[in-house]
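Since the structure comes first, as structure tokens, the remarks are kept for the end.
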Amino acid sequence: MSAQRILVTAALPYANGHLHIGHMVEFIQTDIWCRFQRLLGHNCIFVHADDTHGTATMIRARQEGRPEVEILADMQAAHMADLADFQVEQVHYGSTNSEANRALCHEFWAAFREQGLVAERDVEQLFDPEAGMFLADRFVKGTCPRCGEPDQYGDHCEQCNATYSPSELVNPYSTLTGAKPELRTSKHLFVQIHQLQDFLTEWVDANDHLQDEVANYLKGFFLGEPLKEWDISRPAPYFGFEIPDAPGQFWYVWFDAPIGYVSSTKEWCDKTGEDFDTWWRSPDTRIVHVIGKDIIYFHCLFWPAMLKTAGFRLPERVQIHGMLTVDGAKMSKSRGTFVLARTYLEHLDPAYLRYFYASKLTNTLDDFDLGLEEFVNKINSDLVGKVVNLASRTAKFVKGVGLSAAYPDDGGLFEAAATEGDAIRDAYEGFEYAQAMRRIMALADRANEYVEAEAPWALKKDPEKAEALQDVCTVALNLFRQLVIYLAPVLPRLAAQVGELLGAPIERWDESRTPLVGTPVAKFKHLMQRVDPEKVKAMIEDSREAQAASETAAPTAAADDGAALAAEPIADECTYDDFMKIDLRVARVAKAEHVDGAKKLLKLTLSLGGDETRTVFAGIKSAYQPEQLEGRLVVCVANLAPRKMKFGVSEGMVVAAGPGGQDVFLLSPDSGAVPGQRVH
RNA sequence: GGCGGUGUAGCUCAGUCGGUUAGAGCACAGGCUUCAUAAGCCUGGGGUCGGCGGUUCAAGUCCGCCCGCCGCUACCA
């Protein structure tokens with residue numbers, strides 16, 4: 001097999017936040033594949049960068065009162081440290097906010113212009129006069145024009161499910177400053193992507209670029225009708241690159257983000273003397289993008305269209321994975337399952353997560369779950385109980401004498417496992433890591449059975465059988481080494497340790513085909529610790545606590561910087577009498593239950609003391625579990641007119657603060673208050 | 001709401017072209033072993049393959065309908 005040139009990328013993480021264990025699914029998956037290819041002897045590089053541009057970075061810079069580039073530098077340093085500590089190896093870590101990227105953006109753009117793909121149109125959009133910027137839908141809130149529900153986002157009412165344009169909102173306000181937005185017109189540039197429709201249809205259809213389900217999805221959902229033009233410009237102010245032939249216009253972040261793959265490679269080439277065209281314009285280079293299913297559209301339609309237009313090599317494959325859930329649910333800050341990469345590393349060995357992910361990853365878009373109990377069990381029984389234990393139970397018997405000079409008869413075990421290596425190799429190649437891990441563990445079972453049957457500890461007692469003992473351990477340690485070679489892409493540190501233990505570094509996949517003989521065996525040291533469930537618990541606890549500290553990442557919630565106030569300005573003055581119209585009461589949550597069919601609501605039965613109760617539907621499902629609520633005291637509006645809702649009549653409101661979603665904070669009276677007391 | 005995915009043992013999942021009595025790991029129970037980090041080996045219990053209908057000599061597998069669960073929902077579609 002001749003060495004191939006392979007360029008691999010993972011989606012560029014956004015510079016606005018820290019990496020979490022969901023990101024790590026992709027980076028670990030990509031790193032495993034690259035290490036596997038290098039183990040086969042291929043010239044495989046993983047190039048990476050931060051995605052930096054866009055409104056979110058700009059707003060964060062304003063909030064923190066420092067320039068964007070400072071934030072970018074901090075975040076990049078943090079991202080690089082996290083990845084390095086997870087043993088993710090990248091040849092270069094670039095940034096989309098680099099001169100190399102700007103130059104390449106110009107190159108792509110010139111190609112678009114030359115080929116007549118750019119059109120110009122006026123777009124009406126809401127503008128925040130105080131912030132001096134146009135507002136994306138999610139930065140505008142107001143009263144729903146259909147049902148009158150206040151505080152709905154610019155495009156969609158969560159109360160009645162109406163969709164509308166932001167300009168239709170009643171009493172709109174900017175969530176950035178609270179100012180009333182004005183409707184303004186600005187020029188936008190559009191890419192006429194439908195001109196590439198035939199090319200894209202063919203590309204999507206061609207074998208092996210995409211998983212079947214993705215190709216079907218794209219063909220059925222987008223390519224069946226003319227593709228809509230792509231709004232590629234944003235008016236100033238915008239943190240990004242100004243479009244050279246359209247002053248005051250900036251490229252939308254999704255234009256320059258994937259170009260970061262190319263520009264990062266360029267920087268790496270300039271640094272190392274590699275030839276850039278060989279990597280991005282040669283048909284001999286395999287280019288593979290690993291992404292999550294949330295960004296299929298950009299990577300499987302726009303990106304190939306961009307590469308094609310600008311004359312670059314198209315990806316051989318866009319490998320798409322599902323999303324991570326933790327303990328059966330979306331990662332949640334209030335449950336403590338929103339675990340930052342750094343928080344994980346403070347408590348647990350990265351090897352655990354690398355193996356766990358590998359044992360779960362398939363070549364499908366299915367989401368997969370990190371069950372915390374399963375995590376502990378799997379690592380302890382697979383890695384410690386089966387694999388590492390093989391060395392642990394045999395290595396010390398041959399300390400001093402080393403491995404036998406000739407490989408003994410093992411009943412064909414080694415040969416069978418070498419053959420099985422082909423299937424394991426194919427599984428890695430096809431991103432079927434779960435299958436690879438299953439096969440490896442089955443081999444580990446065979447090896448442990450062998451040790452059990454040969455009972456080296458019994459041979460040890462009879463000095464006459466010293467040779468047999470050495471032979472049995474030679475077999476066991478070779479079977480062990482074979483497993484570690486197969487696991488090397490996943491567990492690089494283990495591979496290095498085993499190289500030292502057996503006096504021969506693990507460098508090539510093919511080494512799994514030849515038994516090691518006659519080498520000394522070093523003193524056995526523990527290769528991997530069992531997972532302590534207490535540490536997992538501590539990690540979850542820390543993640544729950546980190547919630548408050550990490551809030552600065554969300555544009556609507558910073559500590560005392562006034563962002564929350566700005567998001568929702570103080571209402572018009574009211575009189576004491578106005579206030580007294582609202583009868584706030586202390587209430588006890590007598591019952592809290594899920595509502596069938598409701599995404600956001602919990603049904604609460606509130607006791608106001610005596611026989612007085614209220615049934616209230618509260619939109620707090622994403623922040624609270626019913627069990628957490630039962631018995632606790634809350635404050636409710638007791639004289640609110642009943643309101644008919646989809647699931648029943650709500651007879652009041654519980655008082656809570658926060659922007660919504662997972663960030664809802666119920667108010668509670670201090671201890672001593674009893675249900676029925678009025679709040680004055 | 002829209003779109004996509006998914007449903008097989010208590011849990012996580014495999015199950016090829018439709019073909020014998022539906023499998024594995026973990027968990028659980030009993031036994032063995034005592035070299036090994038409470039590791040290992042053997043045995044066992046445990047399934048109406050989400051439901052209903054259809055095609056077929058034969059359905060976990062193919063088709064239709066229904067139900068449940070999960071994800072995505074971006075000035076981007």
Side-chain angles (χ1 to χ4, degrees), chain A residues 54-56 123-126 134-140 154-158 160-163 165-166 186 188 190-191 193 213-214 216-217 220-222 225 227-235 252-255 292-298 301-302 322-325 328-330 356 359-360 362 364-371 373-378 380-397 432 434-435 437-439 441-442 444-445 447-461 469 472-473 476 524 526-530 596 599:
Chain A
T55 314
V123 171
E124 279 198 332
Q125 204 181 347
L126 291 176
F134 285 94
L135 296 168
D137 284 357
R138 71 199 145 106
F139 293 115
V140 186
D155 55 347
H156 174 234
C157 172
E158 298 185 320
C160 73
N161 264 329
T163 55
S165 105
S186 67
H188 279 234
F190 291 83
V191 174
I193 187 146
E213 49 199 313
V214 179
N216 290 340
Y217 162 66
F221 202 65
F222 295 106
E225 53 191 76
L227 288 164
K228 292 186 182 140
E229 54 187 9
W230 184 26
D231 183 351
I232 206 171
S233 70
R234 297 294 180 269
Y252 174 50
V253 57
W254 266 111
F255 175 75
K293 65 180 178 182
D294 50 333
I295 52 175
I296 288 175
Y297 184 70
F298 297 101
L301 293 179
F302 286 134
M323 300 310 192
L324 178 74
T325 59
K330 199 171 164 178
F356 187 84
S359 78
K360 288 284 190 173
T362 64
T364 69
L365 308 210
D366 298 351
D367 297 339
F368 71 93
D369 188 51
L370 167 58
E373 198 184 326
E374 189 194 357
F375 172 79
V376 174
N377 285 338
K378 201 176 208 38
N380 287 347
S381 75
D382 286 3
L383 291 186
V384 181
K386 287 182 183 176
V387 177
V388 165
N389 190 36
L390 275 170
S392 179
R393 67 194 305 202
T394 54
K396 67 173 186 185
F397 293 135
E432 293 280 10
Q435 194 194 122
M437 296 307 113
R438 259 200 313 279
R439 289 175 182 274
M441 287 311 135
D445 286 342
N448 273 306
E449 287 161 23
Y450 171 84
V451 174
E452 189 71 20
E454 300 298 326
W457 54 92
L459 299 174
K460 168 83 176 163
K461 288 174 185 157
L469 175 64
V472 166
C473 292
F524 180 77
H526 279 186
L527 298 167
M528 191 177 289
Q529 298 301 314
R530 298 173 61 80
D596 278 351
K599 280 184 179 176

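The figures here come from the full heavy-atom set of this structure, side chains too, leaving out hydrogens, waters and symmetry mates. Chain naming here is simple, since letters A, B, ... match the order of the sequence lines and numbering starts at 1 in each.
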Whole-Å gap separating P (B:rU33) and CD (A:Glu449)
18 Å

Rounded to whole angstrom units, what separation is found between the CG atom of A:Asn377 and the C1' atom of B:rC28?
12 Å

Could you tell me which non-hydrogen atom of A:Phe356 sits nearest to which non-hydrogen atom of A:Phe375, and how far apart they are?
CE1-CA, 3.6 Å

Round to the nearest Å and state the distance from A:Leu365 atom CG to B:rU73 atom P.
15 Å

Which part of the nucleic acid does A:Val388 contact within heavy-atom distance under 4.0 Å: base, sugar-phosphate only, or nothing?
base

Rounded to whole Å, please give me the gap between CZ in A:Phe298 and C1' in B:rC72.
13 Å

Proximal nucleotide (of B:rA77, B:rU37, B:rC75) relative to the A:Ser392 side chain
B:rU37

Given B:rG5, is OP1 or OP2 found less than 4.0 Å from the side-chain N or O atoms of A:Lys293?
no

On a heavy-atom basis, which atom in A:Lys360 and which in A:Asp369 lie closest, and how many Å separate them?
CE-O, 3.6 Å

Residue pair A:Glu452, A:Arg393: steps toward the salt bridge (charged side-chain N to carboxylate O under 4.0 Å, His left out) verdict:
CA-CA 10 Å; A:Glu452 189 71 20; A:Arg393 67 194 305 202; 3.5 Å; yes

Side chain of A:Glu374 only, heavy atoms from C-beta on: which candidate in B:rC35, B:rG71, B:rU12 is closest?
B:rU12

From C-beta outward on A:Asn448, which listed nucleotide comes closest to its side chain: B:rC72, B:rG40, B:rC75?
B:rG40

If you look at every strand shown and take non-hydrogen atoms under 4.0 Å, does A:Gly385 touch a base, only sugar-phosphate, or nothing?
sugar-phosphate

Nucleotide B:rC70, atom P - distance to CG of A:Asp366 in whole Å:
15 Å

Grab the two heavy atoms, one from A:Asn448 and one from A:Gly385, that are nearest each other, plus how far apart they are.
ND2-O, 4.4 Å

Once you apply a heavy-atom cut-off of 4.0 Å, does A:Leu370 come out as touching a base, just sugar-phosphate, or nothing?
nothing

Just how far, in rounded Å, is P of B:rU33 from NZ of A:Lys461?
11 Å

Test item: A:Asn380 side-chain N/O and A:Arg530 main-chain N/O as donor-acceptor pair under 3.5 Å:
no

Which label fits B:rC57, syn or anti, where anti is any glycosidic angle not within 90° of 0?
anti

With distance as the sole test, does A:Lys386 use its side chain to make a donor-acceptor pair with the main-chain N or O of A:Ala444 at under 3.5 Å?
no

Proximal nucleotide (of B:rA36, B:rC75, B:rG25) relative to the A:Phe134 side chain:
B:rC75

N or O in side chain of A:Arg530 less than 4.0 angstrom from B:rA39 OP1/OP2:
yes

Nearest heavy atom decides the nucleotide; on that basis, is A:Asp382 or A:Glu229 closer to the 5' end of RNA chain B?
A:Asp382

So what does the secondary structure string of RNA chain B come out as, 5' to 3', with Watson-Crick or wobble pairs under 3.5 angstrom, [ ] for crossing and | for pairs with another strand?
(((((((..((((.....[...)))).(((((.......))))).....(((((..]....))))))))))))....

Who passes side chain to side chain donor-acceptor pair (under 3.5 Å) against A:Ser392, sequence neighbours left out?
none

Atom CH2 of A:Trp230 and atom C1' of B:rC75: how far apart are they, to the nearest Å?
13 Å

Heavy atoms of other groups near A:Glu449 CD, more than 12 under 6.0 Å
yes

Side-chain atoms of A:Lys386 come closest, of B:rU37, B:rA77, B:rG25, to B:rG25

Measuring from the side chain of A:Lys228 (C-beta onward, heavy atoms only), which nucleotide among B:rG40, B:rC75, B:rA77 has the closest atom?
B:rA77

Against the side chain of A:Lys396, the closest entry in B:rC75, B:rC70, B:rC35 is B:rC35

How close or far is atom P of B:rC70 from atom CG of A:Asp367, stated in whole angstroms?
11 Å

Single hit among A:Phe302, A:Trp254, A:Tyr297 for ring pair (Phe, Tyr, Trp, His ring centres under 6.0 Å) with A:Trp230:
A:Phe302

Which nucleotide in B:rU37, B:rC75, B:rU33 has an atom nearest any side-chain atom of A:Asp231
B:rC75

Closest to the A:Arg438 side chain: B:rU37, B:rA36, B:rA14?
B:rA14

With sugar-phosphate meaning primed atoms plus P, OP1 and OP2, does A:Met441 contact a base, only sugar-phosphate, or nothing at under 4.0 Å between heavy atoms?
nothing

